[in-house]
There are 2 protein chains.
Amino acid sequence: MDIQLPHFDSVFSTDCVIFGFEAGELKVLLIERNEEPYQGWYALPGNIVGLEESVDNAAARILYELTGLRDIHMRQFHTFGEVNRHPQGRVVTVGYFALIRIGGQKEVAPLTHFARKAFWHPVNDLPKLAFDHTEIFQRAFKKIRVKMNYEPIAFELLPEKFTLTQLQNLYEAVLNKKLDKRNFRKKMLSYGFLKELMEKQKGVSYRAAKLYKFDRRKYQKIFQTELAAQGAVAS
Amino acid sequence: MDIQLPHFDSVFSTDCVIFGFEAGELKVLLIERNEEPYQGWYALPGNIVGLEESVDNAAARILYELTGLRDIHMRQFHTFGEVNRHPQGRVVTVGYFALIRIGGQKEVAPLTHFARKAFWHPVNDLPKLAFDHTEIFQRAFKKIRVKMNYEPIAFELLPEKFTLTQLQNLYEAVLNKKLDKRNFRKKMLSYGFLKELMEKQKGVSYRAAKLYKFDRRKYQKIFQTELAAQGAVAS
DNA sequence: ATTTAATGTGTAAAATATACACACTATCTT
DNA sequence: AAGATAGTGTGTATATTTTACACATTAAAT
């Protein structure tokens, strides 16, 4: 492998950790790289930020090119600035994460030759990833586990209409912990941002469960008043 | 002002938001810039990251050069990647924050000609800052207000020995909210990481208060077991 | 009609959070 | 030295939140 790769003096890139939920498992979107370095390796979707685009925009563009996913709400979580994280020179990367409905989008597929394929992989039992992407992934995973306790990010992973059991399964998968059914339901419903639909689950061979959807407008109303009241260590 | 400034194609910098607590007020460390652009303006201590140093190290080095402060525990909080945030070209900046004891260090003073002076300024009533530093500051401030609710970062701002009233004043200043004395004390002491000293406050013209110190070892023991048990949405 | 598999529901006990007021003590003043 | 001043230190009752826990119900499949 004596290909001469270009050297980067000082560039920034973004890497995206996209989570999905499928078959009761939390998954992450990976690509198979089709270019050196790390050709053939699995990696997080990521690339160099252009000079004429903001880092936020670059993250969205790169994700689209590598996976076909668009209009994803991505949030920055950490910047990785070690000196030797990239073999071609100095590359500082800004990490983003997002949570999406796996079924809700068209199938993921790269739009450039840069990635050979894009696919979902369970977060447990990940292979070794290119560059320091294992570390980047770990950090994102930890972030969403913590965040799930105080923000309604779980709903981004579920279909629009879901049952309470599905919601609970998701929490259990992410938090890696069994929850009590009655207490879980009581608490979720007490927030007041779940809207009970007139519909029921279809196609199951047992009693069908009620469907709910997440009412973002209500959530924001509640969350705003909480923010105002927030900050308590003691009264 | 027709000085020709160098153009940056693509560099990264760090900016540090250093908080201190003095005279019952939360303060932030600013410098007065001695170079174009924004010569004479107030700014957060920050500069370009070198190619041979990690971003974390650069933040520490730059803070030292601009303010004389050393061995400060700094934490990254956000990266600012808009295209036009710097007049000389494309500069993406990584923001760090830290909380320190104002009295505990030698006086702050710049070690390079790049800053004319370094000084503490109350966080309320900040002047307009250079670049997008006002936004960077705001984001850091919001971060610590939230963080103070679930991590013992307040102690980094106080002298080693402090009274419960001082601690409460600090919480009240940061959270911008009155707290109940009895409940505050009960709760703080219930955590078990405050060590009551045999000493009392000196030099006050009223009943002297007991001094306490923060026992980091105990805190970590408690915090670790909480982390293990953590993640509850419902039991 | 029976089996199967999952849904949907309530209550009591424990833990935590909140609201609230006054006696104490060290220094300062006269 | 007596009183004024200013802030310290402390307890209890009530409300809210969290936890633990089990069984009748429903729809489909056999």
Side-chain angles (χ1 to χ4, degrees), chain A residues 23-24 148-150 158-159 161-173 175 177-213 222-223 225-226 228-235, chain B residues 23-24 148-150 158-159 161-173 175 177-213 222-223 225-226 228-235:
Chain A
M148 187 154 294
N149 284 305
Y150 60 91
L158 289 175
K161 302 170 179 184
F162 51 85
T163 70
L164 292 179
T165 301
Q166 284 164 0
L167 184 61
Q168 183 176 345
N169 288 343
L170 170 55
Y171 270 90
E172 289 180 344
L175 302 177
K177 171 180 180 173
K178 279 270 158 224
L179 303 175
D180 176 84
K181 182 160 65 156
R182 276 179 291 190
N183 291 339
F184 179 81
R185 283 163 180 242
K186 206 187 315 174
K187 183 145 185 183
M188 276 297 159
L189 293 173
S190 78
Y191 290 138
F193 52 59
L194 290 186
K195 188 170 175 185
E196 184 178 336
L197 301 176
M198 295 292 85
E199 264 173 285
K200 295 208 163 177
Q201 209 176 14
K202 288 224 170 73
V204 289
S205 74
Y206 47 81
R207 177 179 180 182
K210 280 184 208 150
L211 290 171
Y212 289 81
K213 70 180 211 189
I222 297 163
F223 191 61
T225 54
E226 253 178 39
Q230 192 207 48
V233 167
S235 88
Chain B
M148 188 154 295
N149 284 305
Y150 59 92
L158 290 175
K161 302 170 181 184
F162 51 85
T163 70
L164 292 178
T165 301
Q166 283 163 358
L167 183 61
Q168 183 176 345
N169 288 342
L170 170 55
Y171 270 90
E172 289 180 343
L175 302 177
K177 171 180 180 175
K178 278 269 155 222
L179 303 175
D180 177 84
K181 182 161 64 158
R182 275 178 292 189
N183 292 339
F184 179 82
R185 284 164 181 241
K186 208 188 312 175
K187 181 146 187 184
M188 276 297 158
L189 292 174
S190 80
Y191 290 137
F193 53 59
L194 290 186
K195 186 168 177 188
E196 185 178 336
L197 301 176
M198 294 292 87
E199 264 173 284
K200 295 209 161 180
Q201 209 176 15
K202 287 229 169 71
V204 290
S205 75
Y206 47 81
R207 178 179 178 181
K210 279 185 208 150
L211 290 171
Y212 289 80
K213 69 180 213 189
I222 297 163
F223 191 61
T225 55
E226 253 178 39
Q230 192 209 46
V233 167
S235 89

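Source: prediction; values computed, not measured. Sequence lines set the chain letters: A, B, ... in the order given, protein chains first and strands last, and positions in each chain run from 1.
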Student: A/Ser205: which residues meet the side chain to side chain contact (heavy atoms under 4.5 Å, CB included) condition with it, sequence neighbours left out?
Tutor: none
Student: Could you check how far CG of A/Leu179 sits from P of D/dT18, rounded to whole Å?
Tutor: 14 Å
Student: Mind calculating the distance between CG (B/Asp180) and C1' (C/dA19) to the nearest angstrom?
Tutor: 7 Å
Student: For the pair made of CE in A/Met188 and P in C/dT9, what is the distance, rounded to whole Å?
Tutor: 17 Å
Student: Below 4.0 angstrom from OP1 or OP2 of C/dC28, is there any side-chain N or O of B/Ser205?
Tutor: no
Student: Quick check for you: among D/dG9, D/dG11, C/dT9, whose closest atom lies nearest to any side-chain atom of A/Arg185?
Tutor: C/dT9
Student: Considering only NZ, NE, NH1 and NH2 on the basic side and carboxylate oxygens on the acidic side, decide whether A/Lys177 and A/Glu172 come within less than 4.0 Å.
Tutor: no
Student: Is the closest side-chain heavy-atom distance between B/Gln201 and B/Gln166 below 4.5 Å?
Tutor: yes
Student: When you measure from the side chain of B/Arg182, which nucleotide among C/dT9, D/dG9, C/dC20 comes out closest?
Tutor: C/dC20
Student: If you go through the side-chain atoms of B/Arg207, does one of them form a donor-acceptor pair with the base of C/dT25 closer than 3.5 Å?
Tutor: no
Student: I'd like a list of close polar pairs between nucleotides 12-14 of chain D and the protein, N/O only, cut-off under 3.5 Å.
Tutor:
residue	atom	partner	partner atom	Å
D/dT12	O4	B/Lys186	NZ	2.9

Student: Quickly, which of B/Arg182, B/Met188, B/Lys187 forms a side chain to side chain contact (heavy atoms under 4.5 Å, CB included) with B/Phe184? Name it, please.
Tutor: B/Met188
Student: Could you state the NZ-C1' distance from B/Lys181 to C/dA19, rounded to the nearest angstrom?
Tutor: 15 Å
Student: Counting heavy atoms from C-beta on, name the nucleotide in C/dC28, C/dA17, C/dC20 closest to the side chain of B/Lys187.
Tutor: C/dA17
Student: Quick one: B/Phe184 CZ to C/dA17 P, roughly how many Å, whole number?
Tutor: 14 Å
Student: Which parts of residues 194-201 of chain A get close to DNA chain C, meaning a heavy atom less than 4.0 angstrom away?
Tutor: none
Student: Contact class for A/Thr163 (heavy atom, under 4.0 Å): base, sugar-phosphate, or nothing?
Tutor: nothing
Student: About how many Å separate OG1 of B/Thr165 and NZ of B/Lys181, when rounded to the nearest 0.5 Å?
Tutor: 6.0 Å
Student: Within the 4.5 Å heavy-atom criterion, are B/Leu197 and B/Lys161 side-chain neighbours or not?
Tutor: yes
Student: Would you find a donor on one side and an acceptor on the other, under 3.5 Å apart, between the side chain of B/Gln168 and the backbone of B/Leu179?
Tutor: yes
Student: Under 3.5 Å, is there a donor-acceptor pair linking the side chains of A/Ser190 and A/Arg185?
Tutor: no
Student: Rounded to whole angstroms, how far apart are NZ on B/Lys202 and C1' on C/dA26?
Tutor: 14 Å
Student: Does the side chain of B/Lys213 reach to within under 4.5 Å of the side chain of B/Leu194, using non-hydrogen atoms?
Tutor: no
Student: Would a line drawn from the ring center of B/Phe162 to the ring center of B/Tyr212 be shorter than 6.0 Å?
Tutor: no
Student: Check the distance between D/dG7's C1' and B/Asn169's CG and give it to me in whole angstrom.
Tutor: 11 Å
Student: Expressed in angstrom and rounded to an integer, what is the separation of B/Gln166 atom CD from D/dT8 atom C1'?
Tutor: 13 Å
Student: The side chain of A/Lys210 lies closest to which of these nucleotides: C/dT9, D/dG7, C/dT7?
Tutor: C/dT9
